> 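Can you keep this structure in mind? I'll have questions shortly.
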Amino acid sequence: MSKQLVLMDGDGGVDDYLSTILLMTMEHIQPLGVIVTPADCYIQPAVSATRKILDLMGCASIPVAESTVRGINPFPRLYRRDSFIVDHLPILNESETISTPLVEEPGQNFMVRALQQAPEPVTLLVTGPMTTVATALDIAPEIEAKIKQIVWMGGALNVPGNVEKSIEAGQDGSAEWNVYWDAVSAHRVWQTNIPIVLCPLDITNNVPVTSEFVQRIGKQRRYPLSDLAGQCYALVIPQDYYFWDILATAYLAHPEFYQLREWETAIVTSGKSQGRTKIQPGGRKIMAMDKVDTESFYSYILEQLKR
């Protein structure tokens with residue numbers, strides 16, 4: 001069976017690092033590279049941490065690219081500082097050097113090249129905003145035909161968003177952060193014919209990172225990947241934290257864990273609902289993850305981290 005070609009575009013948050021780890025454990029996946037979009041992170045430590053993770057996993061042949069795009073609404077600094085902490089975790093700093101290559105060209109140009117050179121259509125796994133994808137499509141519109149599907153952690157369809165009114169003045173609380181960072185780029189991607197599988201807050205709200213789960217990882221800490229994942233989750237356990245990006249990533253390995261539902265949608269690009277993913281009859285058809293077998297999902301994650 002030929003391997004599924006996947007190009008990852010994350011934004012340097014804790015769950016993006018863990019999604020990178022999970023993706024690299026998947027036997028049937030051929031990762032073409034990891035692009036870091038400068039959204040939920042500070043870009044230098046985020047790129048550094050990503051490369052060190054690939055080194056740790058023996059995946060130093062996978063290129064990392066730094067996107068130079070800019071969003072409209074920056075993530076709060078408090079969210080972004082985790083990239084510095086992960087980059088300084090002891091398990092990632094046993095070596096003096098980093099072997100995983102950093103691509104010289106910007107991430108958006110690397111995305112264009114990776115898609116153009118791919119022998120068959122590629123799945124884009126997007127765990128941050130859509131800005132790098134939209135920019136790549138603007139650079140080379142013909143790459144649309146080389147994208148098999150986009151699996152995106154983003155949006156909130158029938159639940160409130162996670163852009164808090166107390167943090168972002170003038171917001172109505174309907175937006176999810178990955179859309180809100182740059183709703184115009186999300187809208188740009190919505191204008192394509194690329195199949196989109198959405199992992200919205202509607203489903204991630206049901207899959208929290210619990211103390212019990214983190215303790216179960218702790219019991220596996222003799223495995224380096226469990227040790228690293230446990231340290232990352234310990235960092236975020238004081239906040240309400242969910243399997244956002246991980247839930248989207250696991251879909252690539254086990255779509256049978258999930259039920260999908262079709263919706264007609266639109267992206268709101270301005271006003272107090274900027275960044276909202278709105279259900280709109282006659283709108284852009286997408287498939288959204290609606291339900292997941294949580295026990296199978298948790299077991300799968302724990303098993304993959306036994307390395």
Side-chain angles (χ1 to χ4, degrees), residues 6-20 33-43 46-47 50 64-80 82-83 106-112 115 123-139 143 147 149-157 161-164 167-168 171 174-192 194 196-201 204 242 244-249 265-270 273-278 284 286 288:
V6 174
L7 180 60
M8 181 174 175
D9 173 15
D11 69 340
V14 168
D15 50 344
D16 300 271
Y17 303 128
L18 294 161
S19 291
T20 302
V34 179
I35 297 165
V36 184
T37 292
D40 190 14
C41 66
Y42 289 98
I43 191 66
V47 167
T50 302
V64 173
E66 176 188 323
S67 176
T68 58
V69 299
R70 287 291 174 265
I72 296 166
N73 300 299
F75 273 82
R77 289 179 179 176
L78 190 63
Y79 296 6
R80 296 161 63 200
D82 289 343
S83 49
Q108 58 271 33
N109 298 88
F110 170 71
M111 180 176 283
V112 169
L115 291 169
T123 292
L124 293 184
L125 171 65
V126 183
T127 58
M130 277 288 189
T131 315
T132 299
V133 179
T135 305
L137 286 164
D138 285 343
I139 295 168
I143 62 172
I147 302 172
Q149 64 177 345
I150 297 175
V151 176
W152 187 28
M153 192 281 122
L157 298 171
N162 58 5
V163 176
E164 296 171 25
I167 294 175
E168 296 289 304
Q171 274 306 296
S174 64
E176 181 276 327
W177 264 107
N178 283 345
V179 190
Y180 179 66
W181 195 74
D182 182 4
V184 173
S185 286
H187 174 73
R188 164 74 177 89
V189 175
W190 250 238
Q191 304 314 301
T192 68
I194 302 164
I196 294 172
V197 179
L198 199 66
C199 179
L201 297 184
T204 61
Y242 297 87
W244 293 296
D245 300 345
I246 295 273
L247 198 61
T249 305
T265 59
I267 304 290
V268 180
T269 57
S270 61
S273 299
Q274 183 185 12
R276 180 182 175 190
T277 310
K278 188 167 73 169
R284 166 56 141 103
I286 58 153

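Keep in mind that what you see is a predicted model, and the values were worked out from it rather than measured. Values below: every heavy atom of this structure, side chains too, minus hydrogens, waters and symmetry copies.
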> How many angstroms lie between CD1 in I194 and CD1 in I286, if you round to the nearest 0.5 Å?
13.5 Å
> Can you check whether V133 reaches S185 side chain to side chain, under 4.5 Å on heavy atoms?
no
> Do V189 and I196 come close enough that some side-chain heavy atom pair is under 4.5 Å?
yes
> Any non-hydrogen side-chain atom of L125 less than 4.5 Å from a side-chain atom of T249?
yes
> Could you grab the distance from atom CE of M153 to atom OG1 of T204, nearest 0.5 Å is fine?
4.5 Å
> Listed by chain and number, what are the ring-ring contact (aromatic ring centres under 6.0 Å, His included) partners of Y180, not counting sequence neighbours?
W177
> Might you point out which heavy atoms bring I35 and G107 nearest each other, and give the distance in Å?
CD1-O, 3.6 Å
> Could you work out, with side chain to side chain donor-acceptor pair (under 3.5 Å) as the rule, every residue matching T132, not counting sequence neighbours?
T37, S67
> Who are the side-chain contact (heavy atoms from CB on, under 4.5 Å) partners of I72, not counting sequence neighbours?
D182, V184, Q274
> Does any N or O in the side chain of Y79 come within less than 3.5 Å of the main-chain N or O of C41, such that one atom is a donor and the other an acceptor?
no
> Can you name the residues that form a side chain to side chain donor-acceptor pair (under 3.5 Å) with D245, not counting sequence neighbours?
none
> Nearest 0.5 angstrom please: L137 CG to T192 OG1, how far?
6.5 Å
> Output, in order, the C-alpha distance, side-chain angles, deciding distance and verdict of side-chain contact (heavy atoms from CB on, under 4.5 Å) for L7 and F110.
CA-CA 10 Å; L7 180 60; F110 170 71; 3.9 Å; yes
> Under the rule for side-chain contact (heavy atoms from CB on, under 4.5 Å), what residues qualify as partners of S174, not counting sequence neighbours?
D172, S273, R276
> side-chain contact (heavy atoms from CB on, under 4.5 Å) between S83 and Y17: does it pass, once the steps are laid out?
CA-CA 9 Å; S83 49; Y17 303 128; 3.3 Å; yes
> Say whether, by atom type as modelled, one donor and one acceptor occur between the side chain of D40 and the main chain of G128 under 3.5 angstrom.
no
> Okay, side chain of D16, backbone of D11: is any donor-acceptor separation there less than 3.5 Å?
yes
> Looking only at non-hydrogen atoms, find the nearest pair between A156 and L201 and report the distance.
CB-CD1, 4.0 Å
> Using 30° and 60° as the class boundaries, would you call the ring planes of W181 and F75 parallel, tilted or perpendicular?
tilted
> Within the structure provided, determine whether N162 and E176 are in side-chain contact (heavy-atom separation under 4.5 Å).
yes
> Among all residues two or more places apart in sequence or in another chain, which pass the salt bridge (charged side-chain N to carboxylate O under 4.0 Å, His left out) test with R284?
none
> Determine the minimum heavy-atom distance between G154 and N178, stating which atoms define it.
CA-CB, 4.5 Å
> What are the two closest non-hydrogen atoms of W152 and A186, and how far apart are they?
CH2-CB, 4.0 Å
> Does the side chain of D15 come within less than 4.5 Å of T127's, by heavy atoms?
no
> Holding to side chain to side chain donor-acceptor pair (under 3.5 Å), I want the full list of residues that pass it with R188, two or more places apart in sequence or in another chain.
D138
> Sort out for me which residue in H187, K278, Q191 forms a side-chain contact (heavy atoms from CB on, under 4.5 Å) with I267.
H187
> Distance check, rounded to the nearest 0.5 Å: L124 atom CG versus M111 atom CE?
5.0 Å
> Closest heavy-atom contact between I167 and P76?
CG2-CG, 4.0 Å
> Could you work out, with side chain to side chain donor-acceptor pair (under 3.5 Å) as the rule, every residue matching T123, not counting sequence neighbours?
Q4, Q149
